[in-house]
Amino acid sequence: MDGDDAAANGGGALEAEAILIRLDDGVSAFRNYCQHWTDVRLDKDDGAFVRNGEVFCQKHGATFEGGTGYCNFGPCEGAVLEGVDVTVDDGAVYLADDAYEFVRRGPSHRDDDAGDSRIDFTGN
């Protein structure tokens, strides 16, 4: 995002992204960045690769537990994805963290796996 985009978006706040992971008992949300190289997105606009409740980094092969964000395999094993607070009300997911401001809903699925939604937001 260039300076004009940042200025038009909340007075200079940069956009960030979160991925939403559907769980048996609700939804988890994490910032959309691998913990090995934090400039690598887990969802590259076609949905995060999620299988059996784990999020995969397609660049490094790292796997993260969908409920906790804990990396249980790969070059960043032991690291944890940065969580984003969300709430679910009547099936709809809402950004619940006061440090962030919702911007838009991102891509919602992949055709070849069980990937889920992404949200874009500004804030810390």
Side-chain angles (χ1 to χ4, degrees):
M1 170 179 349
D2 64 28
D4 292 336
D5 291 336
N9 185 23
L14 295 178
E15 280 191 27
E17 301 172 351
I19 56 172
L20 302 173
I21 309 301
R22 195 173 338 182
L23 305 169
D24 289 338
D25 61 348
V27 173
S28 288
F30 304 101
R31 288 184 67 124
N32 186 26
Y33 307 99
C34 180
Q35 293 299 297
H36 181 222
W37 288 344
T38 55
D39 62 334
V40 172
R41 295 165 57 213
L42 298 168
D43 175 352
K44 299 178 183 199
D45 292 335
D46 59 353
F49 185 82
V50 179
R51 182 175 49 204
N52 297 327
E54 293 185 320
V55 180
F56 289 76
C57 175
Q58 295 177 72
K59 181 159 184 92
H60 309 112
T63 57
F64 301 89
E65 297 172 0
T68 64
Y70 177 80
C71 180
N72 56 24
F73 177 80
C76 52
E77 188 170 348
V80 179
L81 294 174
E82 185 178 336
V84 175
D85 290 333
V86 295
T87 187
V88 179
D89 184 16
D90 198 25
V93 179
Y94 298 94
L95 183 62
D97 194 321
D98 291 337
Y100 303 117
E101 179 180 330
F102 176 78
V103 174
R104 72 183 146 273
R105 204 172 104 196
S108 62
H109 71 281
R110 292 176 62 105
D111 293 332
D112 59 345
D113 64 38
D116 288 290
S117 296
R118 190 186 86 215
I119 56 175
D120 299 340
F121 57 89
T122 61
N124 299 335

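Taken from OG1 in T63 to OH in Y70, the straight-line distance is 10.0 Å, to the nearest 0.5 Å. In this structure, CZ in R51 is found 4.0 Å from CZ in F56, a value given to the nearest 0.5 Å. Taken from SG in C34 to NE2 in H60, the straight-line distance is 5.5 Å, to the nearest 0.5 Å. Here the CG-CD1 distance, from L42 to I19, works out to 5.0 Å after rounding to the nearest 0.5 Å. Distance check: I21 CD1 to E65 CD gives 12.5 Å after rounding to the nearest 0.5 Å. The line from CG of L81 to SG of C71 is 8.0 Å long, rounded to the nearest 0.5 Å.
Residue L95 comes nearest to Y100 through the heavy atom pair CD2-CB, 3.7 Å, listed as atom of the first residue, atom of the second, then distance. Among all heavy-atom pairs drawn from F64 and C76, the shortest one is CZ-SG, 3.7 Å.
At a threshold of 4.5 Å between side-chain heavy atoms, the hydrophobic network of Ile, Leu, Val, Met, Phe, Trp and Tyr places F49 and F73 in two separate groups. Under the 4.5 Å side-chain contact rule for hydrophobic residues, V55 and L23 share a cluster. Residue V88 is grouped with residue V86 when hydrophobic side chains (ILVMFWY) are merged at heavy-atom distances under 4.5 angstrom, including chains of intermediate members.
Although no hydrogens or angles enter the test, the distance criterion places no donor-acceptor pair under 3.5 Å between the side chain of D97 and the main chain of V84. At least one donor-acceptor pair under 3.5 Å links the side chain of R41 to the backbone N or O of D43. For the pair S28 (side chain) and G66 (backbone), a donor-acceptor distance under 3.5 Å is present.
The side-chain heavy atoms of P75 and W37, taken from C-beta on, include no pair separated by under 4.5 Å.
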| request: Decide yes or no on side-chain contact (heavy atoms from CB on, under 4.5 Å) for N72 and E54, but give the supporting numbers first. | output: CA-CA 9 Å; N72 56 24; E54 293 185 320; 2.7 Å; yes
| task | Check step by step if side-chain contact (heavy atoms from CB on, under 4.5 Å) holds for Y33 and E17. | result | CA-CA 8 Å; Y33 307 99; E17 301 172 351; 4.3 Å; yes
